[in-house]
Amino acid sequence: MTARIAYADVEIGTELPAQTFPVTRATLVQYAGASGDFNPIHWNEKFAKEVGLPDVIAHGMFTMAEAVRVVTDWTGDPGAVVDYGVRFTKPVVVPNDDQGAVIEVTAKVGAKLDDNTVRVDLTVTSGGQKVLGMSRAVVRLA
């Protein structure tokens, strides 16, 4: 696949379509099974609270993966992402109810780089708090 966005059509400040991603306890169990990460802070409320967390929290790598979907959906090609990094700042707390939590992601082009690449800066929040800091992806465009 090739990115469907042309480098020449993108300017610094271009906003990507914002997205929200629901997270429930069932989502966490499914992710644990797929990833092999069965740390009890992601499924056992009693354990999570015993280690000082407010409740069960989403896997950091799950949160990171959901956030970059804004970029891969925009480019139309997950392979267009050539670099991606974040700083984990706050956990995504997932209550045991019918609602769960929501990860909210906005993004914009922060820089045009060499070789048809751009840096996309993401803002990732849940419950009104920033959960990922320094969230940036470098993407090769068409």
Side-chain angles (χ1 to χ4, degrees), residues 1-7 9-113 115-142:
M1 295 178 73
T2 302
R4 67 176 182 229
I5 305 293
Y7 181 82
D9 295 339
V10 175
E11 300 297 330
I12 294 173
T14 298
E15 294 186 11
L16 284 61
Q19 293 189 50
T20 59
F21 304 97
V23 185
T24 64
R25 296 280 178 97
T27 308
L28 300 181
V29 171
Q30 291 168 335
Y31 181 81
S35 69
D37 182 352
F38 294 100
N39 186 324
I41 63 173
H42 303 303
W43 57 270
N44 184 318
E45 186 173 329
K46 180 178 178 285
F47 183 84
K49 289 181 177 182
E50 284 175 353
V51 298
L53 295 168
D55 207 332
V56 165
I57 63 170
H59 303 73
M61 297 305 284
F62 170 81
T63 303
M64 190 176 172
E66 290 290 81
V68 81
R69 285 176 56 190
V70 167
V71 177
T72 60
D73 288 353
W74 177 65
T75 64
D77 178 10
V81 177
V82 296
D83 190 36
Y84 178 47
V86 306
R87 182 172 296 152
F88 300 104
T89 56
K90 298 264 187 204
V92 175
V93 178
V94 183
N96 190 20
D97 60 17
D98 292 335
Q99 302 300 312
V102 175
I103 299 169
E104 300 164 323
V105 184
T106 60
K108 66 180 176 180
V109 175
K112 289 187 84 167
L113 309 171
D115 207 19
N116 280 13
T117 60
V118 297
R119 188 191 76 226
V120 177
D121 301 330
L122 297 92
T123 301
V124 185
T125 61
S126 183
Q129 295 196 357
K130 196 173 196 179
V131 295
L132 298 179
M134 299 297 292
S135 185
R136 295 179 173 169
V138 175
V139 185
R140 179 162 287 111
L141 301 178

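Below, each value reflects all heavy atoms present in this structure, side chains not excepted, and no hydrogens, waters or symmetry copies.
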Using a 3.5 Å cut-off and no angle test, enumerate the donor-acceptor pairs between side-chain atoms of residues 93-106 and protein atoms at least two apart in sequence or in another chain.
{"from": "D97", "atom 1": "OD1", "to": "Q99", "atom 2": "N", "distance (Å)": "2.9"}
{"from": "D97", "atom 1": "OD1", "to": "G100", "atom 2": "N", "distance (Å)": "2.6"}
{"from": "E104", "atom 1": "OE1", "to": "T125", "atom 2": "OG1", "distance (Å)": "3.2"}

Donor-acceptor contacts under 3.5 Å from residues 133-142 side chains, at least two apart:
{"from": "R140", "atom 1": "NE", "to": "D115", "atom 2": "O", "distance (Å)": "3.4"}
{"from": "R140", "atom 1": "NH2", "to": "D115", "atom 2": "OD2", "distance (Å)": "3.1"}

* Test item: T14 side-chain N/O and V109 main-chain N/O as donor-acceptor pair under 3.5 Å -> no
* Between the side chain of D37 and the main-chain N/O of N39, is any donor-acceptor distance below 3.5 Å? -> yes
Donor-acceptor pairs under 3.5 angstrom involving side-chain atoms of residues 69-83: please list them, not counting sequence neighbours.
{"from": "R69", "atom 1": "NH1", "to": "E66", "atom 2": "OE1", "distance (Å)": "3.0"}
{"from": "R69", "atom 1": "NH1", "to": "E66", "atom 2": "OE2", "distance (Å)": "3.4"}
{"from": "T72", "atom 1": "OG1", "to": "R69", "atom 2": "O", "distance (Å)": "3.3"}
{"from": "D73", "atom 1": "OD2", "to": "Q19", "atom 2": "NE2", "distance (Å)": "3.0"}
{"from": "T75", "atom 1": "OG1", "to": "V71", "atom 2": "O", "distance (Å)": "3.4"}
{"from": "T75", "atom 1": "OG1", "to": "T72", "atom 2": "O", "distance (Å)": "3.3"}
{"from": "T75", "atom 1": "OG1", "to": "D77", "atom 2": "N", "distance (Å)": "3.1"}
{"from": "T75", "atom 1": "OG1", "to": "D77", "atom 2": "O", "distance (Å)": "3.1"}
{"from": "D77", "atom 1": "OD1", "to": "G79", "atom 2": "N", "distance (Å)": "2.9"}

* To do: Go through the steps for V51 and I41 under the test side chain to side chain contact (heavy atoms under 4.5 Å, CB included), then give the verdict.
  => CA-CA 8 Å; V51 298; I41 63 173; 3.9 Å; yes
Checking [X] now: which residues fulfil salt bridge (charged side-chain N to carboxylate O under 4.0 Å, His left out) with it, not counting sequence neighbours?
X   : value
E45 : R25, K49
R4  : none
D9  : none

* To do: Scan residues 34-54 for pairs that pass ring pair (Phe, Tyr, Trp, His ring centres under 6.0 Å), counting only residues two or more places apart or in two chains.
  => H42-H59
* Between F62 and V23, is any pair of side-chain heavy atoms under 4.5 Å apart? -> yes
* All side chain to side chain donor-acceptor pair (under 3.5 Å) counterparts of Q30, not counting sequence neighbours -> none
* Structure fact -> Sorted by chain and residue number, the side chain to side chain donor-acceptor pair (under 3.5 Å) partners of T24 (sequence neighbours excluded) come out as T27
* Any chance you could measure L28, atom CG, to S35, atom OG, to the nearest 0.5 Å? => 10.0 Å
To check you understand the geometry: which heavy-atom pair defines the closest contact between [X] and [Y], and what is its length?
X    : Y    : answer
V131 : P91  : CG1-O, 3.9 Å
N44  : K46  : OD1-N, 3.1 Å
S126 : V92  : OG-CG1, 3.7 Å
F88  : G60  : CE2-O, 3.3 Å
I12  : G110 : CG2-O, 3.8 Å

* Take atom NZ in K112; do more than 12 heavy atoms of anything else shown fall under 6.0 Å from it? -> yes
* For F21, ring-ring contact (aromatic ring centres under 6.0 Å, His included) partners two or more places apart -> none
* Output all residues satisfying side-chain contact (heavy atoms from CB on, under 4.5 Å) with A111, sequence neighbours left out; order by chain, then residue number. => L113, R119
* **Partner set under side-chain contact (heavy atoms from CB on, under 4.5 Å) for K108, not counting sequence neighbours** => E15
